[in-house]
Structure formats: C-alpha cells, structure tokens
Amino acid sequence: MMIPVCRLADLPRGESYRLETDPPVAVFHTDDGEVYAIDDTCTHQDASLSDGWLEGCEVECPLHASKFDLRTGGVDAPPARFPVRTHQVLVEDGVIYVLLSDAVPNLPPCAVARVAGGVG
C-alpha cells in the first residue's frame, strides 16, 4: 500500500519529514532533489534520524553520530552496526508516496520494547 506523505513542494531540499507509522519512517529530500525513505529509528539507540543532519545521501544520527546511506540503509559510521530499512518512494502528481518495506526492521532493544507496547 502506498502511503501519501506530503506534497513535494512542502518538503524543501535538505529537509526531512517523519511519517508516523509503526515503526516511524523518515522521508528525506536531498539537496540534489532526490527523495528517500528509511526507518526513522537509529539501529544503535532509540533516536530519530529525521532530527539528524542530512549531507548528500547520508544522514547523521543526532545522538551518537552514526551515519546511514539513504540509498542503501547501510551504516557509514559507528557506533551503529546494523543498517536501517529502506522504503520505496514514488513522486506522482507532485505528491510523495512511500511503499513500506515488508523486511524486518533493525530496531535497538529500547525501541523494540516501545513498538511492542512495552516501556523503552
């Protein structure tokens, strides 16, 4: 199912949008005009990547500076060791849509408890 995010014009280049799914997804509009979607939770600790720093096709986690490649989800800088899940993005008629991956997310233990309804 394609989830509408927002109008492309409403997400300036260099900015991100947090999609309140379970778990949340971060949608990034790069300075080059590309749009990517990854899980919003850092795989090291429970931090929102949409609050991080976007540089090129990488986002730096605001908590401990792990870096993730928006194209692949791969980790480019520790302390994170596991990649984030990527999601398919489609821009149609000026609207950004995300098709959520059905792969299992790599969530840190504290986020797993939160998503499962526990206390994290």
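Here the structure is a predicted model, which is why all the values come from computation and not from measurement. We count residues from 1, following the sequence as given.
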Exercise. Are Val95 and Leu90 co-members of a hydrophobic cluster defined by side-chain heavy atoms under 4.5 Å apart?
Worked result: yes

Problem set entry | Leu19-Tyr36 co-clustered via ILVMFWY side chain contacts under 4.5 Å | no

Exercise. At what distance, to the nearest 0.5 angstrom, does CE of Met2 lie from CG of Leu100?
Worked result: 9.5 Å

Problem set entry | Any side-chain heavy-atom pair of Pro23 and Leu107 under 4.5 Å | yes

Donor-acceptor contacts under 3.5 Å from residues 51-68 side chains, at least two apart:
unit_1: His64; atom_1: ND1; unit_2: His44; atom_2: ND1; d: 3.3
unit_1: Ser66; atom_1: OG; unit_2: Ala80; atom_2: N; d: 2.8

Problem set entry | Closest heavy-atom pair and its distance - Asp40, Ala26 | OD1-CB, 3.3 Å

Donor-acceptor pairs under 3.5 angstrom involving side-chain atoms of residues 3-15: please list them, not counting sequence neighbours.
unit_1: Arg13; atom_1: NH1; unit_2: Asp31; atom_2: O; d: 3.1

For this session: Using the test side chain to side chain donor-acceptor pair (under 3.5 Å), find all partners of Asp69 that sit at least two apart in sequence or belong to another chain.
Result: Arg71

Problem set entry | Residues that, via side-chain heavy atoms closer than 4.5 angstrom, fall in one hydrophobic cluster with Val104 | none

For this session: Check Pro24 against Thr41 and note the closest heavy-atom contact, atom names and distance.
Result: CD-OG1, 4.3 Å

Exercise. Taking only residues at least two apart or on different chains, which pairs with a member in residues 74-103 satisfy salt bridge (charged side-chain N to carboxylate O under 4.0 Å, His left out)?
Worked result: Asp39-Arg85

For this session: Measure the CZ-CG distance between Phe28 and Leu49 for me, rounded to the nearest 0.5 Å.
Result: 6.0 Å

For this session: Verify, without hydrogens or angle tests, whether His87 (side chain) and Ser101 (backbone) share a donor-acceptor contact under 3.5 angstrom.
Result: yes

Seminar exercise, completed: Sorted by chain and number, sequence neighbours left out, side chain to side chain donor-acceptor pair (under 3.5 Å) with Thr86 holds for none

Exercise. Is a side-chain donor or acceptor of Ser50 paired with a backbone partner of Tyr17 at a separation under 3.5 angstrom?
Worked result: no

Exercise. Should Val27 and Leu70 be counted in the same cluster of Ile, Leu, Val, Met, Phe, Trp and Tyr side chains packed under 4.5 Å apart?
Worked result: no

For this session: Decide yes or no for Val98 and Gln88: does some side-chain heavy atom of the first lie under 4.5 Å from some side-chain heavy atom of the second?
Result: no

Problem set entry | Hphob cluster co-occupancy, Val89 + Leu99, side-chain heavy atoms under 4.5 angstrom | no

